Each structure stands twice: as structure tokens, then as C-alpha cells.
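The next block holds one structure in the form of C-alpha cells; read it before the comments.
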Amino acid sequence: MKNKAGVIKELRKAIEFYSELGFEYLPLKREDIPGLISKKTSITGRGTAYANQNRAGDEDNYVPDKKDALKNLRKDIGDCHRCKLSENRKNIVFGEGNPDTELMFIGEGPGRDEDIQARPFVGDAGKLLAKMILKMGFRREEVYIANIVKCRPPYNRDPEQDEITTCRPYVEKQVEIIDPRVIISLGRIAAQSLLRSKIPISKLRGSFHDFQNIPVMPTFHPAYLLRNPKGKWLTWDDMQKVLEKLKGG
Ligand code: URA
């Protein structure tokens, strides 16, 4: 049982979190606020088909490490013209982060800022995502962030099915290489395409689904949350479930 000072400290952190996310009030019926803040310092590990690193001089048993495997995948994509998104994009946005992470985020596709900077989630939605990652107890660089399609759809329209299908092998391979313990998919398009489902995001979110034998927690897209701040409560519930899963729950 925590002492009063400990409870107050946790409450303060929780309130700061909600205020940073733009909440203006607290729903008083929630009873588990002290459980909201989870401190995790390391989320690396998990041995896979790809080595986390190779021992020096072990050339005979060389297994590409995850970083090299991702580099090779990026090389395979090359200056991609496999679909019509290549006609208007400035840059391919491959994805970035810690290849050895246990937690991977998958969004829909690059927007304007991402197209310019060749980095995922660097615009306003990305800033909110970074805050949420931080409040989960991680730094952005500790997780891996990718998208379903790697090129910006013109005028930020939804990616079309042929574009999603063409890009799918690359996100599949990214997941295979990184082999995270949990994936959080962001928004309707990411969830429905990963899970090959037509179920609305409001029904998919909140429980785990399967992608390549990895649990996927679909949640709302941060851009949606910027427009509909009330959805942040449900998103935070989804993140709590992910944290539980990462803790072994
Ligand atoms: N929205 C996405 O789905 N992905 C990004 O990289 C940026 C915005």
C-alpha cells in the first residue's frame, strides 16, 4: 500500500499526462488512476530469425542482424515505382526506430511533413504519438514506427487497395525482422489492412488480434484524436492493455 505522498505524486503525474494530452477535466468515476503511469526502462530483447548482434569473428555462423536486415529491405524497395503513389511522393518513408524493440507502431501512410522529412509521424499527429509513447514509459527512439504504405497519398487521401496490396510485403517483412512482442496499429486503415478486416475501428480497438503470430492492439489514429480528444480515454485504455501484455500479463 502506497503512502499518501506516493499516491499524490502518482495522481499529479496522471493529471499532468491528461493535461498534456489536452483534457480539461477528469472523469471522477475512474478508480484506478495510480495504475496509469508505468515506468519501463528497457524494451529490447527477443531472439528471432535475425540476430540482435553477431559475435566478432563468427563469420561462418553469420545471421544478418535486424539492423542489416532492415537495411537490405530498404535496398530492395529501392526507388520504388511499383504503384501510383510514387508519382507524387517526394520521399519514401520506410520507418524508423529501434530494430530490437518489443513494441512496434504501424500507421497508415506518410502525410505532408513525413513526405518532406522522409520520417514517419513527424507532423502534429506524430507529436501526439510521441507524447503517448513517452507516457507509456518509453522514448520514441526505443520503439519502431512504420506505416502500411511508404509513400504519401496525394492530398492525404486514404491509400487505395492496390497501393496497400503492393506495399504489404514490405510491412510484413518489417514485422518479421523486428518481431516485436506487441504491435499497436493506429487508425482504421492500418488495423483493417493488417488484419484483412472490414470491421470498424471502434469495434476492433480495445482487444488483441493476430498478425503473423504477434498480438496487435488496434487503437485510434493520433490525427483522429487531435480532432476528437474524447477518444484519448479509450486510446489510453488500449495502451494500458499493451503495457500489461509487455509486462507478461
Ligand atoms: N499518419 C500516418 O498514418 N503515418 C504517418 O507517418 C504520419 C501521419
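Just follow the structure's listing: the first ligand is 1, and inside any ligand the first atom is 1. By convention here, the first residue in the shown sequence is residue 1. Given the structure is predicted, the values throughout are model-derived calculations rather than measurements. Just so you know, these numbers use all the heavy atoms, side chains as well, and skip hydrogens, waters and symmetry mates.
Residues passing the side chain to side chain donor-acceptor pair (under 3.5 Å) test with Glu172 are Arg168, sequence neighbours excluded. In this structure, the side chain to side chain contact (heavy atoms under 4.5 Å, CB included) partners of Thr235, at least two apart in sequence or on a different chain, are Met132, Thr219, Phe220, Leu225, Met239.
With respect to the salt-bridge test (charged N to carboxylate O, under 4.0 angstrom), the residues Asp76 and Arg82 do not qualify. The existence of a salt bridge linking Arg205 and Asp238 is confirmed by a sub-4.0 Å separation between a basic side-chain nitrogen and an acidic carboxylate oxygen.
Listed by chain and number, Gly107, Glu108, Gly109, Glu114, Pro120, Phe121, Asn147, His221 each place a non-hydrogen atom less than 4.0 angstrom from ligand 1.
Pairs passing the side chain to side chain donor-acceptor pair (under 3.5 Å) check and including a residue from residues 187-203, sequence neighbours excluded, read Asp158-Arg188, Arg188-Gln192.
Remark: the Gln240 side chain and the Lys245 side chain contain no N/O donor-acceptor pair separated by less than 3.5 Å.
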